[in-house]
Novice: 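Questions regarding the structure given below will be posed in turn.
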There are 2 protein chains.
Amino acid sequence: MAAKQHELATDLERRIAAGEFSETNKLPTEDQLIEQYGASRYCVRGAIAVLAEAGEVFPVRGSGVFVREDRGGMYMPISTSYGIAADFPDRKVVSTVRELALTRTDEKLAKRMRCDVDAPVWRVVRLRCVDDLPISYETAWYLKEYVPFLNEEIASGSLYRYMREDLGLRFGFTDKVIHVDWLGAEAARQLGLEEGDPAICIEDDAFLSNGKLFNASYNLYHYKNAKFYSMASMR
Amino acid sequence: MAAKQHELATDLERRIAAGEFSETNKLPTEDQLIEQYGASRYCVRGAIAVLAEAGEVFPVRGSGVFVREDRGGMYMPISTSYGIAADFPDRKVVSTVRELALTRTDEKLAKRMRCDVDAPVWRVVRLRCVDDLPISYETAWYLKEYVPFLNEEIASGSLYRYMREDLGLRFGFTDKVIHVDWLGAEAARQLGLEEGDPAICIEDDAFLSNGKLFNASYNLYHYKNAKFYSMASMR
DNA sequence: TAGTGGTCTAGACCACAAA
DNA sequence: TTGTGGTCTAGACCACTAT
């Protein structure tokens, strides 16, 4: 069951999208929202914080909570928390599995994944497209300890949805390292680019809510089709 | 005056760095921290949230707040909120001003900066080095409306510190777009790379706490010397 | 001066982990 | 079962904006 603040956030999002506040570009005051939703100030402020982190509103002390103008364009959040599918709910997201094998960690991977050498892992290589545009070529490893079963059908859909809803895993946080890399022959072929072309590379370590790493990945993004954004408060 | 939660966060950071919790890798419980600091649970949880966002700890419900292992290496937060200087407090950060001029916005810049065409802006081009390694080549514009005065001495130091402490500006949030770009001749020369080399490019729009944009910039990062990290909770 | 968001307190109950 | 963090309420005062 979703927390109350998230319900409020979702409803406020809907109201913003419906243009309910487009005249003033301002949300109702906190006191008004408390009234409207029959919630405490804690909840109302929690909901506003969710929207603020998503870059949809910004609160100004003494003045109100303002709706931000829409930035157009197809950008991916640099913290693509729940996978591409969740980032583009309105677009056609297709994952094509290029490799899927149950293998074992070598020394280097074991170190990265904080597990024993020779630990069983699923290795999954996928090409990911949004609206038929190739976006990324991803190599991911999932510890079999946490993901006992996997097949191509599952990997073609949303792996994160599967792990959360079917396996009952609870996610905690991710670490990402972002740098520039060059495409190898195979990655270039898959993405429709040239070998040696540059790519934004995001190395991602994903942890469960108990702090255990369950998934590491190496993601090469198409330099034309994939742009990222990031919002940060400066407090 | 800093808020109480931030004081607690700073002190906890100090205690973590001092190794006070290195045996268990766990912070004291919330109740214990309430006791130790004579603060409310709100404050204690606020402090923990600050550390969690910085990736220093992660809370596990029912279990405790765990200290995260140090990730080594020199990475820059993708949300380099207060400028490079604040990100590397222990390193030698040098900004060399390559250009500094009071000019006016053309149509394209005016659109980006949400201001009138021909609005006065400072244009500042800087090469930024950390420990004598070239990190980035940055072109930035500051609206004169908010930054009435600027000179090379100020721009050689921390512009953000100047704006905050001397001009009394209060920062709100930033929007960043991250993509790959190629170095032009001048940028390559400054960074000690070859023309045509790839670079991570971050376009940054910075807003005051009242939601007004005051600074836009275009930052090219050295593909070898600059790596970024980003942490995200997956809730 | 009035209105609004920011911080803080005190206390309650819930969800989950570990014993 | 016990202890921990997560959510929620009610109420207070402060900092800032706008008038």
Novice: Nearest-Å distance, OH (B:Tyr37) to P (C:dC8)?
Specialist: 14 Å

Novice: Can you tell me how far P of C:dG5 sits from CZ of B:Arg170, to the nearest Å?
Specialist: 16 Å

Novice: How long is the line joining CG of B:Leu208 and P of D:dC16, in whole Å?
Specialist: 15 Å

Novice: Produce the list of close N/O pairs, under 3.5 Å, pairing protein atoms with atoms of nucleotides 12-14 of chain D; give distances to one decimal.
Specialist:
{"unit_1": "D:dA12", "atom_1": "N6", "unit_2": "A:Arg41", "atom_2": "NH1", "d": "3.0"}

Novice: If only side-chain N and O atoms of B:Ser63 are considered, is one of them under 4.0 Å from the OP1 or OP2 phosphate oxygen of D:dG5?
Specialist: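 False: B:Ser63 side-chain N/O out of range (4.0 Å or more) of D:dG5 OP1/OP2.
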
Novice: Take atom CD in A:Gln32; do more than 12 heavy atoms of anything else shown fall under 6.0 Å from it?
Specialist: yes

Novice: Does the plane of the ring in B:Phe58 sit parallel, tilted or perpendicular to the ring in B:Phe66? Use 30° and 60° as the thresholds.
Specialist: parallel

Novice: Among residues 18-35 of chain A, which ones have heavy-atom contacts with DNA chain C below 4.0 Å?
Specialist: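 Only A:Thr29, A:Glu30 qualify.
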
Novice: Go through the structure and list residues passing side-chain hydrogen bond (donor to acceptor under 3.5 Å, both in side chains) with A:Glu20, not counting sequence neighbours.
Specialist: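 Partners of A:Glu20 under the side-chain hydrogen bond (donor to acceptor under 3.5 Å, both in side chains) test: A:Arg15.
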
Novice: Considering residues at least two apart in sequence or located in another chain, which fulfil the ring-ring contact (aromatic ring centres under 6.0 Å, His included) criterion with B:Tyr162?
Specialist: none

Novice: Please enumerate all residues that pass salt bridge (charged side-chain N to carboxylate O under 4.0 Å, His left out) together with A:Lys92, with sequence neighbours excluded.
Specialist: A:Asp132

Novice: Mapping A:Val60 and A:Gln5 onto DNA chain D by nearest heavy atom, which one lands closer to the 5' end?
Specialist: A:Gln5

Novice: Considering residues at least two apart in sequence or located in another chain, which fulfil the side chain to side chain contact (heavy atoms under 4.5 Å, CB included) criterion with B:Glu152?
Specialist: B:Val97, B:Ser156

Novice: Only counting residues at least two apart or in another chain, list the ones meeting salt bridge (charged side-chain N to carboxylate O under 4.0 Å, His left out) with B:Glu138.
Specialist: B:Arg128

Novice: What is the distance, to the nearest angstrom, from the CG atom on B:Leu8 to the P atom on C:dC8?
Specialist: 8 Å

Novice: For the helix from C:dT1-D:dA18 to C:dA18-D:dT1, how many degrees between its two end axes (five pairs per end), to the nearest 10°?
Specialist: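 Comparing the first five pairs with the last five, the axes sit 10° apart.
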
Novice: Which whole-number value in Å describes the distance from A:Phe66 CZ to D:dC16 P?
Specialist: 17 Å

Novice: Going by side-chain hydrogen bond (donor to acceptor under 3.5 Å, both in side chains), name the residues that satisfy it together with B:Arg112, two or more places apart in sequence or in a different chain.
Specialist: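 Applying side-chain hydrogen bond (donor to acceptor under 3.5 Å, both in side chains) to B:Arg112 gives B:Asp205.
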
Novice: Could you work out, with side-chain hydrogen bond (donor to acceptor under 3.5 Å, both in side chains) as the rule, every residue matching A:Glu99, not counting sequence neighbours?
Specialist: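 side-chain hydrogen bond (donor to acceptor under 3.5 Å, both in side chains) check on A:Glu99 returns A:Arg123.
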
Novice: With sequence neighbours excluded, tell me which residues meet salt bridge (charged side-chain N to carboxylate O under 4.0 Å, His left out) with A:Asp118.
Specialist: none

Novice: C:dG6, C:dA17, D:dG5: which one has an atom nearest the side-chain heavy atoms of B:Val65?
Specialist: D:dG5

Novice: If the cut-off is 4.0 Å, is A:Arg45 near the phosphate of D:dT7, judged by side-chain N/O to OP1 or OP2?
Specialist: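 No, outside the criterion.
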
Novice: Could you check which of D:dG6, C:dT7, D:dT7 has an atom nearest any side-chain atom of B:Tyr42?
Specialist: C:dT7

Novice: Just jot down the salt bridge (charged side-chain N to carboxylate O under 4.0 Å, His left out) partners of A:Arg41, sequence neighbours excluded, or say none.
Specialist: A:Glu30

Novice: Please name the residue in the list B:Trp122, B:Phe171, B:Tyr160 that meets the side-chain contact (heavy atoms from CB on, under 4.5 Å) test with B:Asn215.
Specialist: B:Tyr160

Novice: Hey, which sits more toward the 5' end of DNA chain C by its nearest nucleotide, B:Ser40 or A:Asn210?
Specialist: B:Ser40

Novice: Both B:Ile48 and A:Ala39 contact DNA chain D. Which one's nearest nucleotide lies toward the 5' end?
Specialist: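 Between the two, 5'-proximity favours B:Ile48.
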
